[in-house]
Amino acid sequence: MNYENLIQNICIEYLQILKQNKQFVQKDMARSIGISECLISKWKNYSRKINTEYYKSLEMYFTKKEFET
């Protein structure tokens, strides 16, 4: 597995964890990162890979204090 696939899998897994804990709202994430909800759906369905240009935005989104328990 290469680095990009690893990042992809970690991001999708984290999205699933947040959704399971009811801390993930796709609309808020899309607005925060500046992308469409459709793109997030494509990432979650593995029909589109996460472009490296979004890594920093995703990191910032995933480390928001409101996700801390």
Does Ser32 use its side chain to pair, donor to acceptor, with the backbone of Asp28 at less than 3.5 Å?
no
Would you say the side-chain atoms of Asn2 pair up with the backbone N or O of Asn5, donor to acceptor, closer than 3.5 Å?
yes
Roughly how far, to the nearest 0.5 Å, is the CD atom of Glu13 from the NZ atom of Lys44?
14.5 Å
Nearest 0.5 Å, please: how far is OH in Tyr54 from OH in Tyr61?
15.5 Å
Using side-chain heavy atoms (C-beta onward) and a distance below 4.5 Å, is Tyr46 in contact with Gln8?
yes
Given the rule in the side chain to side chain contact (heavy atoms under 4.5 Å, CB included) test, do Ile35 and Ile40 qualify, once you have shown the distances and angles that lead to the verdict?
CA-CA 8 Å; Ile35 59 174; Ile40 295 172; 3.6 Å; yes
Let's go through Leu58 and Trp43 carefully: what are the C-alpha distance in whole Å and the side-chain angles of both, what is the deciding distance for side chain to side chain contact (heavy atoms under 4.5 Å, CB included) to 0.1 Å, and is it a yes or a no?
CA-CA 12 Å; Leu58 286 168; Trp43 290 346; 4.0 Å; yes
Does the pair Phe62 and Cys11 meet the rule for a side chain to side chain contact (heavy atoms under 4.5 Å, CB included), with working shown?
CA-CA 9 Å; Phe62 288 146; Cys11 287; 3.9 Å; yes
At what distance, to the nearest 0.5 angstrom, does OG of Ser57 lie from CD1 of Ile50?
11.5 Å
Decide if atom CD of Glu53 counts as having more than 12 heavy atoms of other residues, nucleotides or ligands within a radius under 6.0 Å.
yes
What pair of heavy atoms forms the shortest contact from Ala30 to Ser36, and how long is it?
CB-C, 3.9 Å
Trace of the side-chain hydrogen bond (donor to acceptor under 3.5 Å, both in side chains) decision for Thr52 with Glu4:
CA-CA 8 Å; Thr52 57; Glu4 287 184 29; 5.7 Å; no
Going only through I, L, V, M, F, W and Y residues with side-chain contacts under 4.5 Å, is there a path from Ile17 to Met29?
no
Any side-chain heavy-atom pair of Met60 and Ile33 under 4.5 Å
no
Identify the heavy atoms of Ser41 and Gln26 that sit nearest to each other, and give their distance.
OG-NE2, 2.9 Å
